[in-house]
Amino acid sequence: HPRVRRQRQMCIRDSYETGVQPDMVTFTHNGRKILTADEGEPRDGYGEGAVDPAGSVTMIDLENDTVKTMGFEDFDAASLAAEGVLIGKVNGQMNTAAADLEPEYIAVSADDETAYVTLQEANAVATVDLVSGKVVSVKSLGFQDLSQAINAIDLLEDGTYEAKTYEDAVGAVSYTHLTLPTNSRV
């Protein structure tokens, strides 16, 4: 006779409302908080009449049973763009930071007090203070000078790899994921 194992049934204990389109979910190291990267992409593209929901980061405090969704309303898109953050335009108008910044991935510091959130399309990283529950900064990841040999790239999809340099061209340093060392004091 084959051994029969009794399986436990899983059940939903709680549910929490987050920002629009949670793209990634993680826990703090101590297991006290759940964080979601709420990408907030428009479902029907960026055409006329399309709704572009705000990107955000949601923090669920399991000890206090509270939920806080943190957006980018306090950031000025033109100021961020001047610092190298890529901000999109629709119909020639610069988007607001709240509408344009789209969280992708979250890395939590070892002390569970700070989260770093990639904003891939914006070529930036947001810093979230998990104690105050606020997005405290948005910083550009910078650009690579494609005229330098160390940054040579192959832009043709022809089945071969021939890296070249390009005068007067730069490339965005866009990361989807971040990993912090376990002893980080960032």
Side-chain angles (χ1 to χ4, degrees), residues 15-26 34-60 67-108 114-130 132-148 151-159 163-178:
S15 63
Y16 301 92
E17 190 168 322
T18 69
V20 178
Q21 194 181 354
D23 197 36
M24 190 259 185
V25 178
T26 193
I34 301 171
L35 304 171
T36 65
D38 311 318
E39 192 164 14
E41 287 182 310
R43 293 283 185 207
D44 299 317
Y46 291 96
E48 192 170 325
V51 175
D52 187 2
S56 60
V57 176
T58 300
M59 177 174 64
I60 301 163
V67 178
K68 182 166 188 177
T69 300
M70 300 159 280
F72 300 94
E73 299 80 13
D74 294 340
F75 294 90
D76 177 67
S79 297
L80 291 175
E83 295 173 11
V85 175
L86 301 177
I87 302 289
K89 290 184 177 182
V90 175
N91 299 325
Q93 299 282 17
M94 183 180 287
N95 289 334
T96 65
D100 202 63
L101 299 178
E102 300 174 348
E104 299 275 346
Y105 190 85
I106 302 169
V108 178
T114 307
Y116 301 94
V117 182
T118 59
L119 308 167
Q120 182 182 5
E121 290 83 0
N123 190 41
V125 172
T127 303
V128 179
D129 182 331
L130 298 178
S132 68
K134 294 184 183 212
V135 180
V136 295
S137 71
V138 174
K139 301 290 183 189
S140 172
L141 290 170
F143 298 90
Q144 291 181 322
D145 179 350
L146 298 180
S147 69
Q148 301 295 314
N151 298 326
I153 60 172
D154 183 354
L155 298 175
L156 299 176
E157 292 188 43
D158 59 4
K164 297 179 183 175
T165 58
Y166 296 86
E167 289 301 315
D168 300 319
V170 295
V173 183
S174 186
Y175 293 99
T176 302
H177 296 80
L178 292 174

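What you are looking at is a predicted structure, and each value in this text was computed from that prediction instead of being measured.
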*asked:* Looking at every heavy atom in both Ala99 and Thr96, which two are closest together, and how far apart are they?
replied: N-OG1, 3.1 Å
*Distance from Lys68 atom NZ to Ile60 atom CD1, nearest 0.5 Å?*
14.0 Å
*Does the Asn123 side chain pair with the main chain of Leu86, one donor and one acceptor, at a distance under 3.5 Å?*
no
_Heavy-atom closest pair, residues Ala97 and Phe75_ = CB-O, 3.4 Å
*Sub-3.5 Å donor-acceptor pair from the side chain of Thr118 to the main-chain atoms of Tyr105, do we have one?*
yes
_Those residues that, when tested against Asp168, pass side chain to side chain donor-acceptor pair (under 3.5 Å) (two or more places apart)_ = none
_Just so I know, are the side chains of Asp74 and Val135 near enough to count as touching, which here means a heavy-atom distance under 4.5 Å?_
no
_Separation between NZ of Lys89 and CG of Asp100, rounded to the nearest 0.5 Å_ = 11.5 Å
*Could you pull out the closest heavy-atom pair between Asp38 and Pro103, with the gap in Å?*
O-CD, 3.5 Å
*Evaluate the side-chain proximity of Leu35 to Val128: yes if any heavy-atom separation is below 4.5 Å, no if none is.*
no
*Which value, rounded to the nearest 0.5 Å, describes the distance between Asp23 atom CG and Glu41 atom CD?*
7.0 Å
_Nearest 0.5 Å, please: how far is CD1 in Ile34 from CD1 in Ile106?_
11.0 Å
*What's the spacing between Leu80 CG and Ser140 OG if we round to 0.5 Å?*
9.5 Å
*Listed by chain and number, what are the side chain to side chain donor-acceptor pair (under 3.5 Å) partners of Asp76, not counting sequence neighbours?*
Ser79
*Excluding sequence neighbours, so at least two apart, what forms side chain to side chain donor-acceptor pair (under 3.5 Å) with Tyr16?*
Asp65
*Donor-acceptor under 3.5 Å (Glu39 side chain, Gln21 main chain)*: no
*asked:* Which heavy atom of Met24 sits nearest to which heavy atom of Glu104, and what is that distance?
replied: CB-O, 3.4 Å
_On a heavy-atom basis, which atom in Ala124 and which in Val138 lie closest, and how many Å separate them?_
CB-CG1, 4.0 Å
*For the student: nearest non-hydrogen atoms of Leu130 and Met59, plus distance*: O-SD, 3.6 Å
_Test applied, side-chain contact (heavy atoms from CB on, under 4.5 Å); reference residue, Thr18; option that passes from Thr58, Thr69, Val25_ = Thr58
_Close side-chain approach of Ile153 and Tyr166, heavy atoms under 4.5 Å_ = yes
